[in-house]
Every structure is written in C-alpha cells, then in structure tokens.
Amino acid sequence: MSPEDKKFSNNTAATAAADATDAATTDAAAAAATETIVAPATPTAGGALAVLRLSGPLCGRVAKEAFGRTAEPLARRAYTGVWRDTAGAEVDRCVFVFYAAGASYTGEPALEVSCHGNPLIVRRILADCTARGCRLAGPGEFTRRAFANGRLDLSQAEAVADIVNARSEDALAAARRLLAGELGRKVAAWAERLLRTLAGLEAYIDFPEEDLPPETQGGPVAELRTLAGELAATAETAKFAAGLRDGVATVIAGAPNAGKSSLLNALLGEERALVSDEPGTTRDFLSEYLNAGAHRIRITDTAGLRTAAGAGALERRGMELAREQIEKADFCLLAVDAAAPPPELPDWAQAAFAHGRAMLVLNKSDLPANPLTAALLPNLPRAAVSAKTGAGLPELKARLAEVLERGEIVPAGDTGLVVNARHADALRRAAERIGATAELLRDGMPAELAAGTLRDALDALGEITGRAAVENERMLDALFANFCIGK
C-alpha cells in the first residue's frame with residue numbers, strides 16, 4: 001500500500017469511527033428518551049411536603065397501579081390517594097396530577113406527586129417507581145427533554161437554571177425574560193432579516209441574467225451593517241451576566257482605622273470581621289453577600305491602604321492583595337474617617353478611585369467632621385454613615401443601588417435582556433461575519449462568497465436557540481450537567 005493510500009485509509013477509518021461514535025450517542029439518546037424518569041423536584045432534607053415528578057410513557061400506568069385505580073387518571077386533574085408499593089404496603093397519602101403527552105413541561109406524559117416531606121417516604125416512592133420500570137433522572141434531564149421535544153429553545157432551557165439559582169431581584173427579572181423566550185424571538189427576527197438578504201444574493205447567483213438589483217447595492221449593505229450592530233450591542237450585555245449571577249464585586253477600601261471592618265459588619269448586620277483600634281490589623285480580605293435594592297452585592301473587606309513607608313512585610317502583602325481586589329472589582333466603597341484629616345493614599349489607589357466606579361463613604365459621622373474631607377475626590381458620589389451607631393446605613397444602601405443602576409455595572413432601570421457568555425460568543429461571531437460581508441459586498445465581493453459567509457452567520461445564530469446544534473449531544477451533555485436533579 002502506498003503512503004498516500006495508507007493515509008487515505010487511516011483518514012477513512014478515523015471518519016468512520018467518529019461517525020460510529022456519533023451514531024451510538026444518538027441511538028443512546030433516543031433510547032433514553034423512551035424511558036420513564038423520576039426524581040424529587042424539592043429538596044430531600046425534609047419538610048412539610050415533597051414533590052416528585054415522572055416523565056415518560058409509564059406515567060399513566062404508574063398512577064393507575066400505585067394508587068389502585070381501575071383506569072388511568074384524567075389529565076390535569078388533582079386526585080388524592082394512597083400510594084401502595086408493588087407489595088401492597090401503604091407508603092403515604094398523596095396528591096397527584098397526570099399530564100398527557102404534549103401538555104406537560106417535557107412534552108411527554110408526566111406525573112407529579114405531592115407527598116409528606118419525610119425523606120423516608122420520598123425514598124420509598126422513588127424505589128417503588130424504579131421497581132415499576134422507571135429510572136432515576138440525571139441532572140437537567142427533564143429540561144433537556146423539554147428542549148428535545150420543542151417545548152423550550154436552548155436559551156429558555158438555560159434560563160430555567162438561572163431562575164432556580166437567582167439570588168437577587170434583578171437576576172430573577174433577567175432570567176424571566178430569557179425564559180419567556182425574548183432572546184429566541186430576537187434571534188428568529190434577526191435570522192429572518194438575514195435570510196431575506198441571503199435570498200436576494202442567491203437569486204442573483206442562480207439567475208444572473210435576470211433584471212435583479214446589483215449585488216453591491218447600498219440597501220443590502222446598509223441592512224447588514226445595521227444587523228451586525230444590533231447583534232454586537234446585544235452581545236455586550238454579557239458584561240452584566242457575572243454581576244447578576246455572582247453579585248456585583250464590591251470592595252471596601254481605605255486607610256487603616258477608617259472603619260472598613262466595622263462598616264462591613266454594620267452592612268451585614270452581624271460581626272463578621274474582627275475589629276480593633278490598632279491600625280493595620282486586617283491583613284487578608286473577607287467576602288460576604290448582601291442586597292442593595294434589587295441588586296446582589298459580593299462585598300469584600302480589604303487591608304488598609306497607606307504609603308509603604310513604615311509598613312511591615314505582612315502589612316505590605318495585605319496591601320498587595322487589596323490592590324488585586326480593587327483592580328478587578330466592579331465597584332469600590334472608599335471608607336474615610338470623616339473626623340480625621342484626609343488619608344494619604346498610594347498613587348495607584350487614587351487613580352483607581354478616580355475612575356468613577358467608586359463611592360466615598362464618610363464613616364464616623366457621629367463625630368465632628370474634619371472640614372478638609374470635603375475636598376477629597378470631589379467627583380465621587382458620597383454618603384455619610386456611622387458604622388458604630390448605624391446612622392446613614394439605609395441611605396448608603398439606597399445610594400449604592402442608585403449608583404449601580406447608571407447602566408455601567410448592572411442594566412439601567414428595569415433589568416433588560418442580558419445574554420450569557422455562550423450567547424455572546426455566538427452573537428459576536430455572527431456580527432463579525434455579517435459586518436465583514438457588508439464591507440466586502442461594498443467593495444465588489446462575488447455574491448457566491450457573500451452567501452457562504454452569511455450562511456455561517458445563520459449557523460452561529462442557530463447555536464443560541466440550539467436548533468442548529470440539536471445533534472451535538474456532547475455540548476448538550478455539558479450544558480445540562482450543571483442543572484439540579486429534578487429540573
């Protein structure tokens with residue numbers, strides 16, 4: 001066999017192996033979809049009630065047999081009954097609702113069972129379901145089935161996890177918009193506009209002799225430029241995603257003995273950080289969460305900042321850590337002892353606080369104010385508080401929420417559409433291809449090349465809703481693995 005033939009044979013074998021793997025994965029996914037799955041939909045640590053959900057073809061039969069009915073229950077009606085296991089032993093009195101195929105969360109026949117929240121009862125019902133032919137669901141499997149059955153697009157499926165994990169009102173509002181399909185509708189509208197332009201280009205390719213508009217006509221170029229701008233602007237909202245998900249990273253900084261740790265404790269309403277009159281006692285940083293208005297904030301107390309002269313090695317290391325936290329923070333609260341002379345801060349700190357994403361917190365307002373403090377960083381918004389007495393703390397939180405809502409750190413006003421990193425990547429790729437095509441069309445690019453590039457952009461848009469990536473089981477495995485069991 002010649003080297004060329006051997007290389008061809010190896011490539012063919014590799015391709016065949018990859019095809020076989022994909023086919024096996026697809027077959028396994030198809031087989032899994034015909035099984036009936038079961039999982040608790042509420043925490044299993046105990047409570048007044050627990051909810052279990054089943055999805056798949058056995059749901060009607062399980063309800064009939066477990067509750068001793070003569071026929072399967074009618075859809076969307078609440079029943080009460082005693083669940084008896086396969087041996088006939090009573091497990092619990094439950095409320096249950098059956099959903100017919102096409103009318104449930106997953107799009108399959110489904111059964112939801114409410115029982116008492118004792119974990120022993122939950123485990124017995126789960127065990128009995130498996131004895132009746134069901135299997136335990138994996139993470140996110142219910143939502144994955146909803147996606148596979150067309151009940152949700154992929155952006156909506158991701159929003160389900162965002163709804164469950166939201167820890168602030170604005171994070172919840174952003175997740176609701178995605179779950180309601182707002183991004184999917186936008187993607188569909190963008191794709192429709194792109195298809196119209198693509199149809200014109202392909203008509204020119206197929207029928208160049210017809211009296212069609214020139215392929216470099218200003219109209220398509222202008223439309224493509226506008227579309228690329230809209231996609232890029234939407235992709236930029238991903239900068240808000242981390243703050244909505246993890247909290248706005250906010251650092252309390254300032255000179256030693258400005259009351260930073262006391263301020264943290266006062267904001268949290270508990271003694272979380274140790275407080276001492278000795279300056280420079282905070283050598284590390286400490287993070288906690290709090291809410292200001294609709295916003296979740298991850299607030300970090302840091303070591304005191306001063307010029308390096310007179311500072312020991314451990315204190316200098318603490319200031320280095322403080323600098324790292326300040327430079328990567330979304331926002332800073334510069335705590336100042338309002339009764340003392342203005343602090344001498346390192347040059348880098350003054351530059352960091354002057355960028356606008358900071359607020360001056362005039363602490364110790366219960367003491368007579370030093371008049372020189374009024375001239376300190378006059379461009380920053382400020383609030384007067386007393387960490388000792390609690391005076392001014394509600395106003396500080398309200399002022400902080402107001403500053404955050406300017407639109408640089410969290411979305412301005414009512415939380416708008418915010419995309420995640422995966423959406424943003426697809427939007428940017430589509431915008432780049434569309435924008436580049438517009439410029440090349442203007443410069444005389446052949447219609448055949450332009451059409452191919454725009455089809456790539458359409459594929460990128462399809463990745464957002466998942467309709468172009470339904471066969472990519474590995475990607476879906478990774479995405480739904482982050483969901484909780486029962487969702």
Asker: Considering only heavy atoms from C-beta outward, does the side chain of L417 approach that of L178 to under 4.5 Å?
Answerer: yes
Asker: Give a yes or no on whether the backbone of N420 and the side-chain of R245 come within a donor-acceptor separation of less than 3.5 Å.
Answerer: no
Asker: Are R167 and Y289 in a cation-pi setup, meaning NZ or CZ lies under 6.0 angstrom from the ring centre and within 45 degrees of the ring axis?
Answerer: no
Asker: Checking the side chain of R422 only, and the main-chain atoms of I464 only, is there a donor and an acceptor separated by less than 3.5 Å?
Answerer: yes
Asker: If you define the side chain from C-beta out and look only at heavy atoms, does anything of L231 sit under 4.5 Å from L461?
Answerer: yes
Asker: Where do R382 and L376 come nearest, in terms of heavy atoms and distance?
Answerer: NH2-O, 2.7 Å
Asker: Taking D153's backbone N and O only, do any of them form a donor-acceptor pair with Q156's side chain (distance below 3.5 Å, no angle check)?
Answerer: yes
Asker: Checking side chain to side chain contact (heavy atoms under 4.5 Å, CB included) between E108 and each of N149, I37, L54, which is the one that passes?
Answerer: N149
Asker: Kindly determine whether L400 and I297 satisfy side chain to side chain contact (heavy atoms under 4.5 Å, CB included), including the steps that lead there.
Answerer: CA-CA 10 Å; L400 177 56; I297 295 173; 3.3 Å; yes
Asker: Could you tell me if the side chain of T197 sits less than 4.5 Å from the side chain of R193, heavy atoms only?
Answerer: no
Asker: Is any side-chain heavy atom of D170 closer than 4.5 Å to one of L244?
Answerer: yes
Asker: What's the verdict on side chain to side chain contact (heavy atoms under 4.5 Å, CB included) for I163 and R176, showing C-alpha distance, side-chain angles and the deciding distance?
Answerer: CA-CA 7 Å; I163 287 278; R176 284 198 198 102; 3.8 Å; yes
Asker: Hey, what do you get for CG (L224) to CG (L198), rounding to the nearest 0.5 Å?
Answerer: 10.0 Å
